[in-house]
There are 2 protein chains.
Amino acid sequence: MKIATYNVNGVNGRLPVLLKWLEEEKPEVVCLQELKAPQEKFPEQEILEAGYQAIWVGQKSWNGVAILTKDLNTEVIRTALPGDESDEQSRYLEVKISDLTVVCIYVPNGNPTPGEKYDYKLKWLERLDAQAELLISSGKPVIITGDFNIIPTESDVYKPEKYIKDALFLPEVRTAFQNLIAQGWTDGLRHLYPAETIYTFYDYFRKAYERNAGMRIDHFLLSPELIPHLKTGGVDKEVRGWEKSSDHVPTWIELENL
Amino acid sequence: MKIATYNVNGVNGRLPVLLKWLEEEKPEVVCLQELKAPQEKFPEQEILEAGYQAIWVGQKSWNGVAILTKDLNTEVIRTALPGDESDEQSRYLEVKISDLTVVCIYVPNGNPTPGEKYDYKLKWLERLDAQAELLISSGKPVIITGDFNIIPTESDVYKPEKYIKDALFLPEVRTAFQNLIAQGWTDGLRHLYPAETIYTFYDYFRKAYERNAGMRIDHFLLSPELIPHLKTGGVDKEVRGWEKSSDHVPTWIELENL
DNA sequence: GCGAGTTCGG
DNA sequence: CCGAACTCGC
């Protein structure tokens with residue numbers, strides 16, 4: 001089973017690119033972030049015509065997450081991250097696909113630092129930590145994937161020194177990621193390729209893609225029982241060069257015998 | 001010689017449509033209105049590659065006029081309508097192509113009425129009247145063409161009763177047009193087709209094109225010596241049905257032996 | 001309805 | 001740099 005994550009940065013503006021990529025790669029499960037569309041403006045019809053069912057949590061202007069599945073029975077578990085009833089932002093979607101739990105997340109960016117937005121990111125990551133602990137304790141197969149807005153290590157960004165004060169790279173944020181790993185989760189892509197440079201995001205400005213000025217911020221966290229099934233993964237880097245592409249790159253893993 | 005006028009409603013947004021139409025119709029002279037582009041953002045390169053030289057008067061956000069010519073020596077005569085030095089709007093361009101003077105105009109819309117904008121339209125038309133008088137008195141061949149924002153008669157709009165208080169149809173404005181005719185100018189298309197319904201504009205709203213709810217507001221005024229050369233003309237109505245079309249229709253005349 | 005600008009968020 | 005929403009003009 002091929003599972004992908006793709007921060008589309010506007011699902012309607014991105015529709016031609018998204019459909020072309022789906023047609024070429026045909027992943028069974030796709031987690032999307034930054035829909036930037038209200039619930040009623042998600043392009044359900046076009047997605048259906050491409051052969052995918054969709055579950056989504058929209059929001060006007062910002063955020064928004066979705067999970068697309070191809071011929072798979074999908075059950076919604078929750079559409080919000082527990083821990084703060086007053087949180088209005090659409091950043092979390094948890095579904096069950098047969099015995100596999102798939103969690104699609106869009107972690108707050110958190111810039112500028114310091115500030116309210118950074119505080120919100122840290123609180124959101126605390127709530128994610130609690131929810132991840134519950135999920136991994138279940139002993140069932142779970143994937144948490146999406147745009148984490150976290151650069152896990154110095155090896156995951158083209159010039160770490162430029163990001164010392166950035167909300168994607170500050171120690172507290174990297175520690176939050178390590179805490180998840182300490183719970184027992186595995187960073188899927190890094191597990192497959194321990195020493196490779198892997199970038200999932202290239203800024204729109206200053207020709208970042210052409211300069212290979214990227215970072216790895218979209219991740220797959222796998223619960224232990226999934227590791228034996230993990231055989232390959234990667235980034236569809238060329239999509240970043242397409243006309244009207246997102247600033248993120250589609251990222252995927254393949255699980256065998258699942 | 002085929003001479004066309006086309007209010008493009010944004011020359012950059014309209015570029016694919018404009019280039020396709022130029023490729024199909026190949027007019028020797030094209031007057032454009034509503035460039036909606038500052039001087040430095042006119043797509044000169046793409047127009048050159050399509051085989052046209054261009055002279056243009058840009059303006060940020062609104063207005064803007066241009067004259068494109070195919071393999072013809074073109075000399076700029078003036079880039080503003082005389083009579084008000086303080087007028088900042090780019091609505092007038094006068095050039096000489098061999099012995100023919102071509103004037104491209106974008107008359108102010110003037111709505112709502114009454115109001116400042118209507119007053120500005122009337123004053124602009126007075127200045128145009130003075131300039132037209134000068135031009136016709138020269139005894140040389142002159143064409144004044146463009147978006148006049150004037151519906152000359154009841155026969156030039158689908159439902160005249162809807163436009164009684166409209167700045168495009170108020171008596172003062174129609175009189176301004178008749179005054180030009182009284183100077184000796186000929187309304188080229190009406191001269192060719194005295195009894196036909198000819199529309200050059202269909203609103204974007206309420207499916208005006210599908211309902212044939214149009215009006216004739218783009219005109220060719222010809223000085224007397226040109227009349228013997230005028231053999232045919234028309235509107236490229238189908239262009240209005242193209243993807244991402246302007247609300248105006250390209251309109252043209254053909255002058256023989258010129 | 002649509003194009004171009006601006007503002008916001010990234 | 002880019003997407004979405006809003007404003008303005010037509």
Between A/Tyr199 and A/Arg240, is there a side-chain heavy-atom distance shorter than 4.5 Å?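 No, every pair of side-chain atoms sits at 4.5 Å or beyond.
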Quickly work out the [X] [atom1] to [N] [atom2] distance and round it to whole Å.
X        : N      : atom1 : atom2 : result
B/Asn7   : D/dC10 : CG    : C1'   : 10 Å
A/His248 : D/dC2  : NE2   : P     : 14 Å
A/Lys207 : D/dC1  : NZ    : C1'   : 10 Å
B/Asp218 : D/dC10 : CG    : P     : 15 Å
B/Trp242 : C/dC2  : CH2   : P     : 17 Å
A/Glu40  : D/dA5  : CD    : C1'   : 14 Å
B/Gln33  : D/dC10 : CD    : P     : 15 Å

With B/Leu168 as reference, evaluate B/Asn111, B/Val157, B/Val173 under the side chain to side chain contact (heavy atoms under 4.5 Å, CB included) test and give the passing residue.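 For B/Leu168, the side chain to side chain contact (heavy atoms under 4.5 Å, CB included) test succeeds with only one of B/Asn111, B/Val157, B/Val173, which is B/Asn111.
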What does nucleotides 3-10 of chain C look like as a protein-contact string, B for base, S for sugar-phosphate only, - for none, at under 4.0 angstrom between heavy atoms? BSSS--BB
Could you check B/Asp187, B/Thr251, B/Thr153 and say which one makes a side-chain hydrogen bond (donor to acceptor under 3.5 Å, both in side chains) with B/Arg216?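 Going through the options one by one, the only one that passes is B/Asp187.
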Any side-chain donor paired with an acceptor under 3.5 Å for B/Tyr6 and B/Asp236?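 Checked: B/Tyr6/B/Asp236 side chains show no N/O donor-acceptor pair below 3.5 Å.
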Could you verify whether a donor N or O on one side chain and an acceptor N or O on the other, from B/Lys36 and B/Asn9, lie under 3.5 Å apart?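 Looking only at side-chain atoms, B/Asn9 and B/Lys36 do form a donor-acceptor pair, the distance falling under 3.5 Å.
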Could you list the residues that satisfy ring pair (Phe, Tyr, Trp, His ring centres under 6.0 Å) with A/Phe42, not counting sequence neighbours?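 So A/Phe42 forms a ring pair (Phe, Tyr, Trp, His ring centres under 6.0 Å) with A/Trp56.
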